[in-house]
Amino acid sequence: MQSLFKLSSKSFSCVASKTNNSVLLRNYFKSSSTLYSDALSRHVETEDNNDHTPFDFTPENMEKAKVILAKYPPKYRQSAMIPLLDLAQRQNGGWISLKAMDKVAEVIGVPPMTAYEVASFYTMFNRTKIGENFVQVCTTTPCQLRGSTDIVKACKKHLGIEVGESTKDNKFTLVEVECLGACVNAPMMCINDDFYEDLTPESTVNVLNQIAKGEKTKIGPQTHRKTCEGPQGKTSLFEPPTGPICRDDL
């Protein structure tokens with residue numbers, strides 16, 4: 001019998017074979033490639049990210065913070081943690097510093113550690129600086145089956161960087177991510193807030209070129225199809241639905 005266990009970046013294979021009524025266990029370790037995207041969630045002390053680096057919401061964003069807080073009862077201000085962290089990250093250029101987390105904790109009245117725990121748990125928060133355009137290529141199973149490996153290769157070759165790195169001009173940062181929820185349009189990538197779907201290596205490079213030149217891009221499927229319609233287009237529901245019929249007295 002053979003079982004396989006995943007241990008961080010190594011694969012541990014335990015093979016049991018029966019010899020003379022005894023069981024012989026042989027262990028094999030095989031190294032696999034390391035993903036660097038998780039580095040974006042760690043705290044790295046730098047000149048612009050330490051306990052003395054100032055951060056405060058701009059007057060405009062403080063007004064937005066008040067609107068967000070107003071959605072929650074006074075005793076549950078901590079429920080605003082994620083939207084406020086997102087607001088701070090957007091103000092900070094796509095990443096969230098130590099003092100930015102401290103500020104969010106101060107605004108909602110929780111210990112700083114609570115903000116650190118949330119920001120380091122969710123991969124949507126970047127703890128280190130990223131480029132102007134944050135390229136997230138999905139490599140989960142549906143995208144993998146539809147060729148996401150080639151999409152990653154195209155990004156790496158065109159941008160001249162590896163996964164987890166930024167270009168020298170700080171225009172692009174490339175990472176691999178788990179499912180982004182557009183499986184029916186696989187393979188896909190997300191750049192900042194926009195989804196680019198039904199990708200090929202050629203259309204991927206085209207999108208990157210357009211962004212680099214400041215040109216308008218086509219968001220969504222990079223093929224002829226509309227949103228998530230099938231390859232044959234619309235095949236049903238050509239007429240408006242007629243029901244359900246409600247009684248007049250209801």
Side-chain angles (χ1 to χ4, degrees), residues 8 34-140 163-167 170-183 188-197 211 219-220:
S8 64
T34 302
L35 293 180
Y36 294 96
S37 57
D38 65 332
L40 295 172
S41 65
R42 303 193 207 118
H43 174 67
V44 179
E45 186 112 343
T46 61
E47 291 183 1
D48 50 12
N49 188 16
N50 56 60
D51 193 46
H52 306 292
T53 307
F55 176 89
D56 199 356
F57 283 118
T58 63
E60 180 184 2
N61 280 339
M62 182 54 76
E63 290 303 313
K64 291 181 180 179
K66 291 178 181 178
V67 172
I68 292 172
L69 288 167
K71 298 178 181 180
Y72 306 96
K75 292 183 179 180
Y76 298 94
R77 290 168 65 92
Q78 64 182 21
S79 298
M81 174 74 76
I82 289 179
L84 288 182
L85 284 173
D86 178 70
L87 182 64
Q89 176 165 275
R90 290 175 185 274
Q91 178 179 312
N92 211 40
W95 67 288
I96 190 160
S97 64
L98 187 65
K99 298 305 289 184
M101 290 184 288
D102 288 347
K103 182 62 181 182
V104 170
E106 175 190 330
V107 169
I108 62 178
V110 298
M113 182 55 69
T114 304
Y116 304 161
E117 290 171 345
V118 173
S120 60
F121 179 82
Y122 291 101
T123 56
M124 64 187 283
F125 297 117
N126 301 316
R127 297 291 311 285
T128 55
K129 275 190 173 181
I130 61 171
E132 182 180 334
N133 298 287
F134 190 36
V135 183
Q136 304 173 75
V137 182
C138 178
T139 56
T140 312
V163 173
E165 295 180 349
S166 299
T167 54
N170 207 38
K171 288 288 186 180
F172 294 91
T173 296
L174 174 65
V175 298
E176 291 183 34
V177 295
E178 295 301 317
C179 183
L180 290 171
C183 308
M188 60 84 62
M189 65 181 176
C190 176
I191 302 181
N192 297 336
D193 291 330
D194 297 323
F195 277 19
Y196 298 92
E197 306 153 354
I211 292 175
I219 299 171

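All values below were derived from every heavy atom in this structure, side-chain atoms included, with hydrogens, water molecules and symmetry-related copies excluded.
- No more than 12 heavy atoms of other residues, nucleotides or ligands sit less than 6.0 Å from atom CD of Q78.
- At least one side-chain heavy atom of N192 sits less than 4.5 Å from a side-chain heavy atom of N133.
- A heavy-atom distance below 4.5 Å is found between the side chains of W95 and N92.
- If you take CD on E176 and CD on Q136, they are separated by 12.0 Å, rounding to the nearest 0.5 Å.
- Interatomic distance, T46 OG1 to K129 NZ, rounded to the nearest 0.5 Å: 7.0 Å.
- Under the 3.5 Å distance criterion, the side-chain polar atoms of N61 are left unmatched by any main-chain donor or acceptor of K64.
- By the salt bridge (charged side-chain N to carboxylate O under 4.0 Å, His left out) test, E117 pairs with no residue at all, sequence neighbours left out.
- Counting only residues at least two apart or in different chains, salt bridge (Lys or Arg N to Asp or Glu O under 4.0 Å) contacts with residues 80-95 comprise D86-R90, R90-D193.
- The closest side-chain heavy-atom distance from F172 to I211 is below 4.5 Å.
- Shown here are the salt bridge (charged side-chain N to carboxylate O under 4.0 Å, His left out) partners of R77, two or more places apart in sequence or in another chain: there are none.
- With Q89 contributing its side chain and A100 its backbone, the two residues share no donor-acceptor pair below 3.5 Å.
- Going from atom CG of L98 over to atom OH of Y116 covers 4.0 Å, rounded to the nearest 0.5 Å.
- In this structure, the separation between CD1 on I108 and OH on Y72 is 10.0 Å, given to the nearest 0.5 Å.
- Minimum interatomic distance between A119 and F125 (heavy atoms only, all atoms of both residues): O-CB, 3.5 Å.
- Between the side chain of T140 and the backbone N or O of C179, at least one donor-acceptor pair lies under 3.5 Å.
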Tell me, with the steps shown, if I96 and R127 meet side chain to side chain contact (heavy atoms under 4.5 Å, CB included). CA-CA 5 Å; I96 190 160; R127 297 291 311 285; 4.0 Å; yes

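- With contacts defined as side-chain heavy-atom distances shorter than 4.5 Å, the pair L84/I68 qualifies.
- Within the 4.5 Å cutoff, the side chain of L180 has heavy atoms near those of the C190 side chain.
- Contact detail for G94 and I130: the closest heavy-atom pair is O-CD1, 3.3 Å.
- Exactly one of V177, V163, L174, V175 qualifies for a side-chain contact (heavy atoms from CB on, under 4.5 Å) with V137. That residue is L174.
- Atom CG in N50 sits 9.0 Å away from atom NZ in K99 (nearest 0.5 Å).
- Note: F134 CZ to I191 CD1 = 11.0 Å, rounded to the nearest 0.5 Å.
- Between K103 and M62 the shortest heavy-atom distance is CE-CE, 4.2 Å.
- Within the 4.5 Å cutoff, side-chain heavy atoms of M101 are placed close to those of L85.
- For the pair L69 and A80, the tightest heavy-atom approach, listed with the atom from each and the gap, is CD2-CB, 3.8 Å.
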